[in-house]
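Everything on this sheet refers to the single structure shown next.
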Amino acid sequence: MNRAAGLRLLDISYVFAKTLKRERRNMFKRTSLAFRAAAFAIAFLISTSFVSTSASAYYFDVSSWAVSSVNTARTLGIIPSFIIGTDYTQSMTREQFCDLIIRTYDRLTGVPFDTSLTGDISSTPFQDSYNKNVKRAAELGIVAVNEKKAFKPRDVLTRQDTAVMTANALKALNANLDYSESQLDALKDKDSIAQSSRAHIAALVGGEYMFAREDGGFHPEEAVSCEEAVALCLRVFQRNNKLNIQPNVIQITSHTDGSFVPISDIRLTWTSSNHAPGVTYEVMSLTPDLDGYMYPWPFTDESTASLNATIPKRYIENATERVFAIRDSNGVYSPIVRLFIGSKGIRILNKDYVTPDSNGNITISWNKLSDVTDYSVTIVEKRASGLPEIPVGATTTAKAEGASYTFKSKANCAYQVSLKATTSGGTSYSDTATIYAKRSSLKNAPFSYSSKAEAQKDMTKVTFPIWKLSGGKKVESKASVTVHKDLADSVVKIFTQIFNGPEKFPIKDIGGFDWRAANSDGSYSAHNSGQAIDINSNENYCIYPSGRVVGSYWKPGVDPYSITPYGDVVTAFEANGWYWLGDSYGTKDYMHFSSSGK
């Protein structure tokens with residue numbers, strides 16, 4: 001195996017290791033060395049089927065209001081590696097916030113930067129997380145260990161979760177907080193805040209670490225984005241920086257983002273505003289994982305104290321692009337720079353998972369060539385399922401000037417984008433990319449409950465018109481389903497839209513709220529919180545990766561009860577922000593729609 005293939009293998013093994021950690025495989029307790037060895041071995045098998053060898057994803061996205069906070073946090077070294085180069089607008093998980101808050105705590109208390117993946121997990125306090133920072137958060141009192149020893153690491157972080165963890169972290173830092181619950185009086189939804197978190201939220205609102213939303217409510221169950229979490233931790237850092245830690249602004253100077261470089265050794269140089277004695281640097285290659293995050297992987301054999309490094313040709317000769325950042329020994333990162341490998345051409349910049357704007361629009365962009373004024377864009381819509389009976393969506397061909405093109409997207413759809421350009425001298429360039437349209441969950445979701453009795457307090461039954469089959473004819477009828485009260489209006493709107501659709505889709509059975517036992521990883525079905533609906537369960541079966549099947553079949557276009565991917569049912573749910581699990585890349589659950597994506 002050559003060195004370039006070895007590097008790609010390490011990239012894959014690292015992604016695989018992070019994915020396994022996120023999935024929390026409980027088959028055995030593993031040491032860090034054994035874990036990485038197993039991941040490397042399995043990655044070798046996976047790598048033999050890989051055709052693309054480039055780090056082709058580039059997810060960086062941040063809202064305008066958060067740009068300053070994100071950049072400042074990066075120069076202070078409080079942003080953990082998984083966020084660097086990622087989409088800061090997406091929701092954060094509970095486990096990821098532990099990584100962020102512990103990174104902030106370590107900087108404030110002078111704990112040396114640690115690049116290891118797992119650390120000592122021999123005495124983890126939770127049954128569903130091997131993350132070393134989750135363990136440390138428990139030891140510091142930032143998170144509590146319940147009797148079930150369940151942390152629910154992959155659950156989306158809520159504002160209530162955030163307040164509790166942050167207040168506990170500030171307590172561990174000996175910060176002065178006022179826990180008087182009278183500080184909640186100004187919040188319009190104060191009565192909806194759980195008793196167990198009222199003091200924590202009061203302390204953060206009163207201390208101006210967290211703020212009410214525009215409508216005057218705190219919205220305790222609303223999801224928290226990466227950029228919101230970073231801005232909060234920056235406030236924690238700036239107000240408790242007793243060590244007087246100064247920022248280090250690192251900037252790559254030898255290459256600009258989007259440059260084309262020949263297939264040869266690459267000499268990277270950079271500047272550092274706080275180049276103190278003992279500070280060393282590493283060149284990092286940002287590698288995408290399966291969740292849409294980018295993880296830095298050391299691109300040099302060892303750290304260097306100088307402000308330059310050479311990337312050998314063998315590391316890039318089989319790639320089309322590489323994404324680089326410089327990291328110092330305190331965990332501070334430079335802005336990312338993506339280099340295209342090879343001769344001048346055209347490249348689509350945003351690939352893989354892209355978050356549409358509030359109107360469902362996706363904007364693709366590319367490097368603008370000086371001698372090209374007219375670009376041709378072709379977009380073909382696909383579904384994730386990929387089965388033969390699913391039709392390919394319409395092809396959109398458009399002319400674009402400049403270096404971007406915007407189109408309307410659908411939830412959970414994949415788009416094949418082809419870009420062509422011809423210079424005034426007749427030279428043609430082209431590039432292709434697959435883009436997956438991401439969707440955020442509905443606001444105030446997901447919801448989480450520890451018991452059926454607790455969940456039932458927030459459930460409500462809704463009734464709406466439907467079509468039924470009677471004697472081979474479609475007749476008007478009504479149906480009811482129990483869902484979370486905050487989703488009631490959305491559910492009625494969806495089924496009314498289905499009823500008024502041209503298909504007159506017939507409904508035999510509907511399932512909603514249903515309390516079920518926990519999954520093997522400690523997570524719960526979306527049905528437990530009234531965030532999922534099943535339609536015609538027998539004719540829209542569910543196929544698990546294990547091979548287990550629930551239901552009898554799925555025959556869209558043949559059986560009238562089977563849901564058609566481009567039909568009225570899927571269209572109505574997705575138009576209102578819900579997900580169809582028939583389009584998932586894991587379990588194929590053709591009956592199942594969810595507001596949280598689970």
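Below, all heavy atoms of this structure are taken into account, side chains as well, without hydrogens, waters or symmetry copies. For the single chain, residues carry numbers from 1 onward in sequence order.
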Under a plain distance cut-off of 3.5 Å, with no hydrogens placed, do [Y] and [X] share a side-chain donor-acceptor pair?
X	Y	answer
Arg154	Thr93	no
Thr434	Gln416	yes
Ser69	Thr72	no
Thr89	Ser63	no
Tyr333	Arg74	no

Side-chain touch [X]/[Y], heavy atoms, less than 4.5 angstrom:
X	Y	answer
Leu419	Ser376	no
Ile263	Lys313	yes
Ile79	Val230	yes
Arg327	Phe113	yes
Ile102	Phe97	no
Leu339	Phe324	yes
Val279	Asn274	no
Ile535	Ile563	yes

Donor-acceptor pair, distance only, cut-off 3.5 Å: does the side chain of [X] make one with the backbone of [Y]?
X	Y	result
Thr304	Ser306	yes
Thr253	Thr269	yes
Arg338	Leu349	yes
Asp568	Ile498	no
Ser259	His255	no
Thr422	Gly426	no
Ser430	Lys420	no
Ser273	Val249	yes
Asn367	Gly345	yes
Thr587	Asp589	no

Looking at every non-hydrogen atom in both residues, tell me the closest pair between [X] and [Y] and how far apart they are.
X	Y	result
Ala403	Lys368	CB-CB, 3.8 Å
Ile84	Tyr88	CA-OH, 4.0 Å
Ile346	Trp366	CD1-CD1, 3.9 Å
Ser91	Val156	CB-CG1, 3.8 Å
Trp578	Ser595	CE3-N, 3.4 Å
Ile336	Asp257	O-OD1, 4.2 Å

Given Thr75, Asp328, Asn330, the one that forms side-chain hydrogen bond (donor to acceptor under 3.5 Å, both in side chains) with Asn248: Asp328
For Tyr281, the option from Ser329, Ser303, Ser272 that meets side-chain hydrogen bond (donor to acceptor under 3.5 Å, both in side chains): Ser272
Can you tell me how far [atom2] of [Y] sits from [atom1] of [X], rounded to the nearest 0.5 angstrom?
X	Y	atom1	atom2	answer
Ile311	Ile266	CD1	CD1	7.0 Å
Gln96	Gln90	CD	CD	7.5 Å
Trp270	Asn308	CH2	CG	6.0 Å
Glu228	Leu157	CD	CG	9.5 Å
Ser404	Ile364	OG	CD1	8.5 Å
Met92	Asp155	CE	CG	14.5 Å

Over-ring placement of Arg347 relative to Phe340, 6.0 Å and 45° cut-offs: yes
Using the salt bridge (Lys or Arg N to Asp or Glu O under 4.0 Å) criterion, which residues pair with [X]? Sequence neighbours excluded.
X	result
Glu227	none
Asp374	Lys399
Arg94	Asp161

Over 12 non-hydrogen atoms of neighbours within 6.0 angstrom of CD in Glu503: yes
Crowding at NZ, Lys493 (>12 non-hydrogen neighbours, <6.0 Å): no
Worked check of side chain to side chain donor-acceptor pair (under 3.5 Å) between Thr378 and Ser418: CA-CA 5 Å; Thr378 301; Ser418 299; 5.7 Å; no
Worked verdict on Tyr429 versus Leu369 for side-chain contact (heavy atoms from CB on, under 4.5 Å): CA-CA 10 Å; Tyr429 299 109; Leu369 302 178; 3.5 Å; yes
Stepwise side-chain contact (heavy atoms from CB on, under 4.5 Å) test for Cys542 and Lys588: CA-CA 6 Å; Cys542 172; Lys588 299 292 187 184; over 6 Å; no
Trace of the side-chain contact (heavy atoms from CB on, under 4.5 Å) decision for Thr256 with Val337: CA-CA 6 Å; Thr256 58; Val337 170; over 6 Å; no
Ring pair (Phe, Tyr, Trp, His ring centres under 6.0 Å) between Tyr415 and Phe407, intermediate numbers included: CA-CA 11 Å; Tyr415 295 91; Phe407 66 96; 5.1 Å; yes
Derivation of the ring pair (Phe, Tyr, Trp, His ring centres under 6.0 Å) call for Tyr590 and Trp554: CA-CA 7 Å; Tyr590 299 103; Trp554 178 60; 3.9 Å; yes
Centroid separation Trp580 to Phe573 less than 6.0 Å: no
N-O pairing of Arg159 and Glu222 below 4.0 Å: no
Residues Lys344, Asp371; criterion salt bridge (charged side-chain N to carboxylate O under 4.0 Å, His left out); working and verdict: CA-CA 12 Å; Lys344 175 184 175 182; Asp371 49 353; 3.8 Å; yes
Residues Thr162, Leu232; criterion side-chain contact (heavy atoms from CB on, under 4.5 Å); working and verdict: CA-CA 9 Å; Thr162 307; Leu232 169 61; 3.3 Å; yes
